[in-house]
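Notes to accompany the following structure.
Note on naming: letters A, B, ... go to the chains in the order of the sequence lines (proteins, then strands), and numbering restarts at 1 for each one.
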Amino acid sequence: MTDRERRALLAWYRKHRRDLPWRRTRDPYAVLLAEVLLQQTQVERAIPFYRRILARFPTLAALGEAPLEALLELWQGAGYYRRAHQLHALARATGGVLPKTYAELRQLPGLGPYTAGAVASIAFGEAVPAVDGNARRVLARYYGLAAPGEAELRRLAEALVDAAAPGEWNQALIELGATRCTPKKPACAGCPLGEGCRGKRDPNRFPLPRRTRKKRLDLFALVLVGREGVVLVRREGKRFSGLYGVPMGEDLGVLLREYGLSGAAFAGEVRHGLTHLDMRVRVYWARVGADGLDASSKPLSVLDRKILKKFEEAFGETGALEADLGVASASKHADPDAKQP
DNA sequence: AAAGCGGGGGT
DNA sequence: ACCCCAGCTTT
């Protein structure tokens with residue numbers, strides 16, 4: 001890439017950059033929060049989470065002093081909940097003060113090559129690259145690389161970083177990928193990198209799509225209706241870790257025995273697609289003697305919200321009592337007429 | 001190098 | 001249905 005092209009891209013960025021909330025601050029904590037939220041999450045989706053979390057926890061120290069569950073409460077629906085665990089651990093490990101170099105940032109939980117580079121360059125002005133999916137695509141196209149490796153991209157990006165404005169440069173590369181050099185139908189006309197781009201004639205070849213295979217997972221969920229709400233368990237392990245949800249498993253018999261039940265009523269089926277998984281959950285419900293919990297007071301995954309909504313629909317159709325089961329806020333209450341098409 | 005991890009949007 | 005998203009961690 002020529003100096004002239006680099007200057008053109010930087011100038012283009014300064015003129016056309018989107019006005020995003022985290023671009024109005026130089027607070028390293030705010031930059032970090034934004035970058036973590038943006039991991040595999042689209043800008044438009046990250047914005048409301050960014051605002052709410054920053055409003056509730058204005059400083060990293062404040063975040064570290066709060067219980068993890070308070071952060072998870074705000075992280076509900078954002079996905080990749082490990083990010084919340086790691087950010088919370090980071091807040092505690094650093095004592096609320098972020099280190100200022102890429103090498104140190106890279107050691108913190110949840111900060112990989114991209115995020116550490118983004119924070120180091122944007123918040124601290126260190127001349128290190130930050131190659132995300134956008135920058136990867138821009139570089140792959142410009143240099144005509146069908147399947148670039150991480151190391152190769154990093155070498156290229158290191159050589160390009162603008163020493164005087166590393167944060168703006170990294171964001172310029174990203175912004176171009178996000179708004180013009182898009183995966184499909186890139187707007188090559190008027191691209192600041194027009195001349196030397198080798199992918200211009202056939203952008204779809206650079207880079208080649210990454211293959212993903214999806215597995216199907218069949219599960220059973222048990223909505224146990226107690227006196228004051230439904231039985232919720234805290235999910236441990238890898239999936240939805242730290243969030244609450246209804247008992248769920250691959251074997252309905254095992255699930256029923258766990259709660260001493262001989263049977264349960266079928267409420268319906270819920271589908272939940274993840275990147276690597278197609279979940280199909282058959283929802284059953286039963287009354288139990290336990291108290292249960294108010295589902296609106298706990299962080300739940302979107303899957304569990306869907307399950308509770310499905311239960312409500314089935315429960316409503318039985319014409320049973322309208323006692324407050326504590327799941328009311330688990331889904332939007334449709335207006336009564338909505339049921340009759 | 002590959003798999004696993006959420007959820008939603010675009011085509 | 002498939003691909004992608006301002007990726008990271010573990011195997």
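- The span of DNA chain C lying next to chain A, judged by atoms under 4.0 Å from heavy atoms, is bounded 5' to 3' by C:dC3 to C:dT9.
- Distance check on atom C1': C:dC5 versus B:dC5 gives 14 Å, rounded to whole Å.
- Within a heavy-atom distance below 4.0 Å of DNA chain C, the residues of residues 86-104 of chain A found are A:Q86.
- Residues A:T115 and A:R106 have side chains not in contact (no heavy-atom distance under 4.5 Å, counting atoms from C-beta outward).
- Listed by chain and number, the residues in a ring-ring contact (aromatic ring centres under 6.0 Å, His included) with A:F240 amount to none (sequence neighbours excluded).
- Here side chain to side chain donor-acceptor pair (under 3.5 Å) pairs that include residues 239-259 of chain A, with residues two or more places apart or in two chains, are A:E69-A:Y244.
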(message) Pairs counted only when both distances fall under 3.5 Å, Watson-Crick or G-U: show me the 5' to 3' dot-bracket for DNA chain B, [ ] for pseudoknotted crossings and | for other-strand partners.
(response) |||||.|||||
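- Within the structure, every pair that satisfies the salt bridge (Lys or Arg N to Asp or Glu O under 4.0 Å) test and touches residues 265-280 of chain A, not counting sequence neighbours, is listed here: A:D218-A:R280, A:E269-A:R271, A:E269-A:R280.
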Throw together a table of side-chain donor-acceptor distances under 3.5 angstrom for residues 148-165 of chain A, partners on residues two or more places apart or in other chains.
residue : atom : partner : partner atom : Å
A:R154  : NH2  : A:Y102  : OH           : 3.4
A:D162  : OD1  : A:A164  : N            : 2.8
A:D162  : OD1  : A:A165  : N            : 3.1

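- Residues passing the ring-ring contact (aromatic ring centres under 6.0 Å, His included) test with A:H276, sequence neighbours excluded: none.
- Residue pairs meeting the side chain to side chain donor-acceptor pair (under 3.5 Å) criterion with at least one member in residues 170-188 of chain A, sequence neighbours excluded, are A:Y13-A:Q171, A:R18-A:E175, A:R23-A:Q171, A:R23-A:E175, A:S121-A:N170.
- Only the C1' atoms considered, C:dT9 is 23 Å distant from B:dG8, to the nearest whole Å.
- Listed by chain and number, the hydrophobic cluster partners of A:Y114 are A:I174, where partners are ILVMFWY side chains within reach of under 4.5 Å, directly or through others.
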(message) Base contacts versus sugar-phosphate-only contacts with protein, heavy atoms under 4.0 Å: please encode nucleotides 5-11 of chain B as B, S and - from 5' to 3'.
(response) BBBBSB-
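- Every residue two or more places apart in sequence or in another chain that forms a ring-ring contact (aromatic ring centres under 6.0 Å, His included) with A:Y50 is listed here: A:W22.
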